[in-house]
Amino acid sequence: MKLTKPFGVLAAAMAVAISLTACSSPSTSDTKVAIGIKFDQPGLGLKEGDTYTGFDVEVAKYVAKELGYTDIEFKETPSAQRETMLQSDQVTMIFATYSITDDRKKKVSFAGPYFVAGQDLLVAADNTDITGPDTLNGKKLCSVVGSTSAQKVKDNFADQVQLKEYDTYSKCVEALASGAIDAVTTDNVILAGFAAQPQYAGKFKVVGKTFSVERYGVGIKKGDTELCTKINTALQKMVSDGAWQKALDDTVGQSGFVPDAAVNPPTPDACS
Ligand code: GLU
């Protein structure tokens, strides 16, 4: 009898601890899902006040609805934090210009791809000496930490360029506008979105010579093939019912960017 009370207290304390854990675990329930996007990439993932716009946002909304979610909490997933945010359950899915790579697949899994882009360069409209990645000798080049773009430059051009890395592309674009750097590198579709912003009208140009293939996948927790399969089914439906094309035209299309029709829309990879 004497032991009953302490055990009762312990059981009650454990029940409280369990329920607290349940409350603080990812903001995902049967109807609500936490989704990672970019907050500063016009045409792809952009937050303005409480409004989220862009192609990644539209694909995320479509997929979430197909999966039965009625409520989405969008969270910012900067390039360098994407794997960690999936691994730590802060988000269930990421739609954030997130290229499928073997390196990333060691930590996370991907559904898709749902879009294919290519790495390019953004320079001042009157620049004539930067015409491709092989003309960056001695130039100041900006990219984002944790991106495939920065990695590719490091691997292939690091000896020739001065690489400046920020955590978001909007900071690179501001530096280009102020003349602090000579070029920004990332995917062509992202660069086109920035170049089309009213405040930068006529200031920049995308060089137009891509030097990589970037296949945008939906980042999910490593090994969740069930979720991957459901997302791929939703993505295929989005293409076949015309919503994919409409979303693209309404978002990315506004910048005048023309996606490579030879590789878009892509067929999702098999889930593994
Ligand atoms: N698609 C590339 C990547 O996943 C560059 C864009 C980005 O950083 O989101 O790294």
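Residue indices begin at 1 and follow the sequence shown. For ligands, and for the atoms within them, numbers begin at 1 and follow the listed sequence.
- Applying side-chain contact (heavy atoms from CB on, under 4.5 Å) to Leu191 and the options Val123, Val206, Thr185 leaves one that passes, Val206.
- For the residue pair Tyr169 and Phe194, the shortest heavy atom distance occurs at CB-CE1, 3.6 Å.
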Subject >> side chain to side chain contact (heavy atoms under 4.5 Å, CB included) between Tyr216 and Phe95, intermediate numbers included >> reply: CA-CA 8 Å; Tyr216 292 176; Phe95 299 74; over 6 Å; no
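- The 4.0 Å heavy-atom shell around ligand 1 contains residues Lys38, Ser79, Arg82, Ala96, Thr97, Tyr98, Ser99, Arg104, Ser147, Thr148, Ser149, Tyr169, Thr186, Asp187, Ile190, Glu214, Tyr216, ordered by chain and number.
- Residues that satisfy the side-chain hydrogen bond (donor to acceptor under 3.5 Å, both in side chains) test with Gln87, not counting sequence neighbours, are absent from this structure.
- Each disulfide bond (SG atoms under 2.5 Å apart) pair with one or both residues in residues 177-215, not counting sequence neighbours, would appear here, but there are none.
- Remark: Asp103 engages Thr101, Lys106 in a side-chain contact (heavy atoms from CB on, under 4.5 Å) (not counting sequence neighbours).
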